[in-house]
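One structure below.
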There are 2 protein chains.
Amino acid sequence: MPRTSEPGRSVSSRLLDLLFSFEPGETELSLAELARKTGLPHPTARRLVLELTKAGALEQRANGRFAVGLRLWQLGTLAPLTESLRTMAQPYMEDLYTALHQHVQLAVLEGREAVILERLSAPRALGLVSQVGGRLPLHCSGVGKILLSHAAPELVQEVLDGELQRFNSKTVVDPDALRRELAECRRTGCALVRGELTEGADSIATRIMNSEGHVVASLSVVVRTGSVQPQAVLPSVITSGLAISRRLGWRPGIKVWQG
Amino acid sequence: MPRTSEPGRSVSSRLLDLLFSFEPGETELSLAELARKTGLPHPTARRLVLELTKAGALEQRANGRFAVGLRLWQLGTLAPLTESLRTMAQPYMEDLYTALHQHVQLAVLEGREAVILERLSAPRALGLVSQVGGRLPLHCSGVGKILLSHAAPELVQEVLDGELQRFNSKTVVDPDALRRELAECRRTGCALVRGELTEGADSIATRIMNSEGHVVASLSVVVRTGSVQPQAVLPSVITSGLAISRRLGWRPGIKVWQG
């Protein structure tokens, strides 16, 4: 066993730090970058990265840099809900896409953010920063407002007490105004978000329930501001969301949990 | 730093063993099962599992068992090729599905197996054991024969020298017969596999090339034996495969690498 120079930091936490150094937009990292991002001495980083590569968790690219390995991707597909929800929702998302020809997104709550499980996009549709596996803020994205409005009161409090990032002049960052919006989302099951995250992009989101009435995901359509009336898109988003919920065992009689 | 009782086995390898204990069909494991599968002492397994859970790599379910965490799923989406190939191929797979209403699969080579990157299935279509993230043998699946036939000669030799599992009476397990089949796959770029893996299921597979002519994936359609003539399905599988290849930058003039 090699000795660790920092007794407070376990080998496992170093290993996890190395893995989670990879992020959207930073999918290939050199050994030097990995050492810098994790604050590990170069020889330690090197040894652990090689061990991760040997196990298939990372892979070394032709250019010598490292990336997440296919074996880790496979492992990720075993996350509960994720793959089954994605597979189940896909046909309904396709139908919604066929009807609207706009971005269609499916997201779930993870920590204090929304994670995109699946997205269907037209090749020439509005460019979005988000991608599958990517994250969206809870306070100013369509799926985020839906997920937050049905989350535990403690999480709502935490988010409202925390820093509410302002992305542009439209972003609602006043906690009281947000609280009123969330109550409205809970009441209607929908969110209409106009340009709060990305100027020029409106999001129309709805909730997805399981057989116990828990909101497990949010479905949204993202349109270019002015290209289509969000109100005109809303009914199809709602019906698709309900169709996916029914597929998960929810029925109109089942009370929707509200955090 | 806790001491390790087995000096030959590093903390990182223990941690990776714990993570890779999760497999298709074993997506939820108890602490006892994790300790048993990895051969770790119960207290060590417990400490590492809690560390993995704290980092979001694992999550504890309501029933107390552990599963792969959403954060690990996210990390997996960063694997090169995987997500971009999946996203790029999806529209073509949907069109193929619309035309045929049969299972459509996309797979890549990983080690000595084929890994399913994406699958589209009709709700009432032939039941398949495979799923996204799942694995198929190289020697007797449609996508497997395509991937193997274009792989490095060393891998072909390794697979032919290794144990060729017989799934039923139709499985070709004779190395010489297989070698002839692989040569034919290389020549035509296609594979027709009748019931070799699952009795009653035929697979029609083709290759997908990148801009350098490397075969990076295989596309297949799986049909119930007798429900449709594989030969009738073949042209649409070929054209869809070529369409995806073109999307990856391949053009008819570019020579296809053959291992």
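Here the structure is a predicted model, which means the values were calculated and not measured. Chain A is the first sequence line, chain B the second, and so forth, proteins listed ahead of strands; every chain is numbered from 1.
Annotation: residues 27-38 of chain B contacts chain A through B:T27 [non-hydrogen atoms, separation under 4.5 Å].
When heavy atoms are compared at a cutoff of 4.5 Å, A:L117 approaches chain B by way of both its backbone and its side chain. Neither the backbone nor the side chain of A:L18 comes within contact range of chain B, judged by heavy atoms closer than 4.5 Å. Looking at A:L78, both its backbone and its side chain come within 4.5 Å of chain B, counting heavy atoms on both sides. Interface residue B:L19: backbone and side-chain heavy atoms are both found under 4.5 Å from chain A. Proximity to chain B (any heavy atom under 4.5 Å) is shown, for A:L75, by both the backbone and the side chain. Heavy atoms of A:L72 lying under 4.5 Å from chain B belong to its backbone as well as its side chain.
In this structure, the side chains of A:E59 and B:P80 come closer than 4.5 Å at one or more pairs of heavy atoms.
Shown here for B:S12 and A:L48, the closest heavy-atom pair between the two residues is OG-CD2, 3.9 Å. When every heavy atom of A:L16 is checked against every heavy atom of B:A57, the shortest pair comes out as CD2-CB, 4.2 Å.
For A:R46, the CZ atom is loosely surrounded, since the number of other residues' heavy atoms within 6.0 Å does not exceed 12.
No side-chain donor from either of B:E51 and A:S13 sits under 3.5 Å from a side-chain acceptor of the other.
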Donor-acceptor list for residues 88-96 of chain A side chains, cut-off 3.5 Å, not counting sequence neighbours:
| residue | atom | partner | partner atom | Å |
| --- | --- | --- | --- | --- |
| A:Q90 | NE2 | A:E118 | OE2 | 3.1 |
| A:Q90 | NE2 | B:E118 | OE2 | 3.4 |

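The list of side chain to side chain donor-acceptor pair (under 3.5 Å) pairs with a residue in residues 70-82 of chain B, not counting sequence neighbours, reads A:R135-B:Q74.
Scanning for ring-ring contact (aromatic ring centres under 6.0 Å, His included) contacts around B:H42 gives an empty result, with sequence neighbours left out.
Per-residue heavy-atom pair counts under 4.5 Å with chain B were compared for A:G69, A:A79, A:A67, and the maximum is reached by A:A79.
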